[in-house]
There are 2 protein chains.
Amino acid sequence: MLDVIRAAGTISRVGLVKATGFTGATISTVVRRLIDDGLVLESGRAESTGGKRRVLLQLNQSSRFAVGVHLDHAGITYVLTNLGGSVVARMSRAGVGTDDPAVIMERMATEVDALIDGAGVDRSRILGLGLVAPGPMNQISGMRVSPPTMRHWEDYPLASALETATHLPVVLDNDATAAALGEHWSGDVGGTSTFAAIYMGTGIGAGLVVNGITYRGASGNAGEIGHICLDVNGPACWCGARGCTEMLAGPGAVVSAARADAALARAAGLAESPERPRWLADFAAITRAALRGDARAKQLLENSARHLAIAARTLANVMDLEQLVLTGPSLAIAGSIYLPVVRDELDRAFFSRATHSITVRLSRSAATAPAIGAAALVLQSELVPLREGLRLPDNLGDAEPTGQPTSR
Amino acid sequence: MLDVIRAAGTISRVGLVKATGFTGATISTVVRRLIDDGLVLESGRAESTGGKRRVLLQLNQSSRFAVGVHLDHAGITYVLTNLGGSVVARMSRAGVGTDDPAVIMERMATEVDALIDGAGVDRSRILGLGLVAPGPMNQISGMRVSPPTMRHWEDYPLASALETATHLPVVLDNDATAAALGEHWSGDVGGTSTFAAIYMGTGIGAGLVVNGITYRGASGNAGEIGHICLDVNGPACWCGARGCTEMLAGPGAVVSAARADAALARAAGLAESPERPRWLADFAAITRAALRGDARAKQLLENSARHLAIAARTLANVMDLEQLVLTGPSLAIAGSIYLPVVRDELDRAFFSRATHSITVRLSRSAATAPAIGAAALVLQSELVPLREGLRLPDNLGDAEPTGQPTSR
DNA sequence: CTTTGTTAATTCGGCGGCTTAACAATCACA
DNA sequence: TGTGATTGTTAAGCCGCCGAATTAACAAAG
């Protein structure tokens, strides 16, 4: 319900009737309650359609808030969003590094406090905290399989620890999935039923949102397009396969190819074999060189884009997507180079293109997308009734009675 | 609810309480009504666990039936299944060919009558008819995009026409999706939440079932693994891309490669450039040659299997699958050759293999899987409440906020 | 055979969500 | 200034589901 109002931006009660299928009576009482709770505001009138003018409703954006935290090796990003998913306050702090989880927990609690206090938001209006991190997350406890750099976090009871530290309800998820959800809430995805966010950071992943809820797969690993084969004869990957997207299109591949080219490395200003690889800075430098017109840099990036585009098409074909968003740190930098290539690939060879188009766009907040998505997780869990589990049909006995009267 | 009973085979009321999360009270009344309607039977007692022995429940398999029809160029397959998805009667008739849709409709109506009468089933006990065909189906009307061989069916109002012809409720779907659903109902998929059926006929596709309901994507084209890229430098495909699975692993590719090899063509007994290509017969002949030990035939098929396996891994990674079933006419023939290759590929390189395993098996009824699935569509639509997400219609009537006049 | 404790299943009162039905409010237009 | 159309509210009732109490069936101990 709230989700419908949010997705529509502004909508009347009659509009809600059509959108939800509920009766006018139901809508009336529900909306009444939402207004009483301060979640929804009446915000004007629509033009008459022959009778009484419709009263337009919209979310009271600043009635409730959610905290989103993106936990990563390189940095922790905090955002405070309102009900609409718009960022009210944002903060970036040092990453996890090799610190002990318990230490980080304490630090996060104080930093979250700082975020909330800095924005001047009443704590009672905060619905909860969403925490996302790389790798699949166990919904209840914490990380199942963590990337090498965060190995010591494995099986740490993230949710419960953070709940006691911050006194806020905590929900967990994978960062790519969160990024997709964030786009669904903050971006103008509208009523799109199936879409994905391709997230390119160090690795390449994708988050999937189907009918407004995230698709996680059996173990939270869904959307793993970083390790699908684009070339049977391609280079071997650490995952056990060959020709994976990550090997052919990943920022790591781009950076190491640039390093191998002495002239390019010099032109782009890459540090020569630094002790600590700063791939993101290097990737940004290569992008700048390409935008300046450096042919070799441009070729490198377009090669990467071409491969990413093919992975995107695979994802779009398998999931039969309507919309695709490019996001993540790497695409925040080089998105303008990747976007046309991906668009072209899908225009040319998306399997269902005859039936329906697929729109591709860049995220407007690629760098903070996962954190925003983390907050969106909270918004969703609080506002969208999750119809999990099996429920009873409405008409169990009405299936073609064969003579016996259905006793009521 | 009925789906839980079906999936469990036999289950007690207490078992249902645990499985569904409902209260004992609810279960009691619902089960009572199901028994009154004849859908469920009490079938014995379980061992005591310290107190009163549990009464075991199971579906009354023969209380209701469903008709499943697989419409294809080459042949029409009819099945009549009971509530459990078991085939009660089966029939195969000539394919669609170039006949006019209206003619086929009439023929189907009489053939469905023959099927029902032959099995001696009361018409009032038939829940409905499921019709599946290649290509994406418009849920309401009929085919959207049809394969070249069935071009004259495009936009024909299949559902309504067949409803008036047979006087049965009709549901439509794509055949690969149906095959997956058929496996979910008739096979022992158990409580698996995410699985796919790879369907290899002339082309290659996959049907997806997530949490017991089919995933169709935006336009019913989901699972299109026949046209994902396995080799960026591969041969061009009619779909507009390069190196598609269908080009590298499809039966058509296998057969034409075999024809190109004169010695193999002779050994396998392929007709030399027949006027009408009989790819299925040829594919079967090549398979027999391989099983006899013909090295060249074996190599051809294993090459195909290797590529199909990579496509399967892509699908498994993207959807994060728990189970995979190989089905369809081609795999009904050569499944024993493909199965180990697919298993090996997933064991080696399935991305989530550390978190959870993925089981791969052959369908037990590969040839009739789509027809069984068509019947399962009916069973599901009647027995499982489909909770669709909230949807926004194209035009809700509200557009501009606050005062601005809405132009219509 | 009786008593006791445990588990299974049903019944009954009640709550909440949703619907139908009737009604009040607003607006365009004749 | 009605009049019909459209929007929105209120009241009454249905239905699914839950909680608590009750009945039924069984094992083990005496």
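First the proteins, then the strands, lettered A, B, ... as listed; each starts at 1.
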Participant: Nearest whole angstrom, please: distance from the P of C/dT7 to the CG of B/Leu56.
Facilitator: 18 Å
Participant: A/Thr26 or B/Ala25: which one's nearest nucleotide on DNA chain D is closer to the 5' end?
Facilitator: A/Thr26
Participant: Mapping B/Ile27 and A/Gly51 to their closest nucleotides on DNA chain D, which lands nearer the 5' end?
Facilitator: A/Gly51
Participant: Distance check: side-chain N/O of B/Thr49 vs OP1/OP2 of C/dA8, anything under 4.0 Å?
Facilitator: yes
Participant: Look at the side chain of A/Thr29 and decide which nucleotide, out of D/dC18, C/dG17, D/dT10, has an atom nearest to it.
Facilitator: D/dT10
Participant: Send over the distance from A/Arg33 CZ to D/dT9 P, rounded to a whole Å.
Facilitator: 14 Å
Participant: May I ask you to check whether A/Asn82 and A/Ser62 show a side-chain donor-acceptor distance below 3.5 Å?
Facilitator: no
Participant: Is the distance from OP1 or OP2 of D/dT7 to the nearest side-chain N or O of A/Arg45 less than 4.0 Å?
Facilitator: no
Participant: When you get a sec, tell me which of D/dT7, D/dC18, C/dA9 is the closest nucleotide to the side chain of B/Thr23?
Facilitator: D/dC18
Participant: With a 4.0 Å limit, can you tell me whether A/Arg54 has a side-chain N or O closer than that to the phosphate oxygens OP1/OP2 of C/dC27?
Facilitator: no
Participant: What contact category does B/Val31 fall into here, base, sugar-phosphate, or nothing, at under 4.0 angstrom with non-hydrogen atoms?
Facilitator: nothing
Participant: Could you work out which one of D/dT7, C/dA9, D/dC18 sits closest to the side chain of B/Val14?
Facilitator: C/dA9
Participant: Across the strands shown, which category fits B/Ser48 at heavy-atom distances under 4.0 angstrom: base, sugar-phosphate, nothing?
Facilitator: sugar-phosphate
Participant: Please check: side-chain N/O of B/Tyr215 versus main-chain N/O of B/Thr177, any donor-acceptor pairing under 3.5 Å?
Facilitator: no
Participant: Distance check needed: C/dA8 P versus B/Leu16 CG, whole Å only.
Facilitator: 13 Å
Participant: What is the distance, to the nearest angstrom, from the NZ atom on B/Lys52 to the C1' atom on C/dA8?
Facilitator: 5 Å
Participant: Between C/dT20, D/dG19, C/dA9, which one does the side chain of B/Val55 approach most closely?
Facilitator: C/dA9
Participant: Is the closest basic N to carboxylate O distance between B/Arg6 and B/Asp3 below 4.0 Å?
Facilitator: yes
Participant: I need the CZ-C1' distance between A/Arg53 and C/dA24, as an integer number of Å.
Facilitator: 19 Å
Participant: A/Val40 versus A/Asn60: any side-chain heavy-atom pair under 4.5 Å?
Facilitator: no
Participant: Any Lys/Arg nitrogen of A/Arg54 or A/Glu42 sitting under 4.0 Å from an Asp/Glu carboxylate oxygen of the other?
Facilitator: no
Participant: Output the rounded distance in Å from CD (B/Glu47) to C1' (C/dT7).
Facilitator: 14 Å
Participant: With a 4.0 Å cutoff (strictly under), does any side-chain N or O of B/Arg13 reach OP1 or OP2 of C/dT10?
Facilitator: yes
Participant: Nearest to the side chain of B/Ser28 - C/dT20, D/dC18, C/dA9?
Facilitator: C/dA9
Participant: Taking everything shown except A/Arg32 itself, do over 12 heavy atoms lie less than 6.0 Å from its CZ?
Facilitator: no
Participant: Which whole-number value in Å describes the distance from A/Leu34 CG to D/dG8 P?
Facilitator: 15 Å
Participant: Could you state the atom-to-atom distance from CZ of B/Arg32 to P of C/dC12 in whole Å?
Facilitator: 11 Å
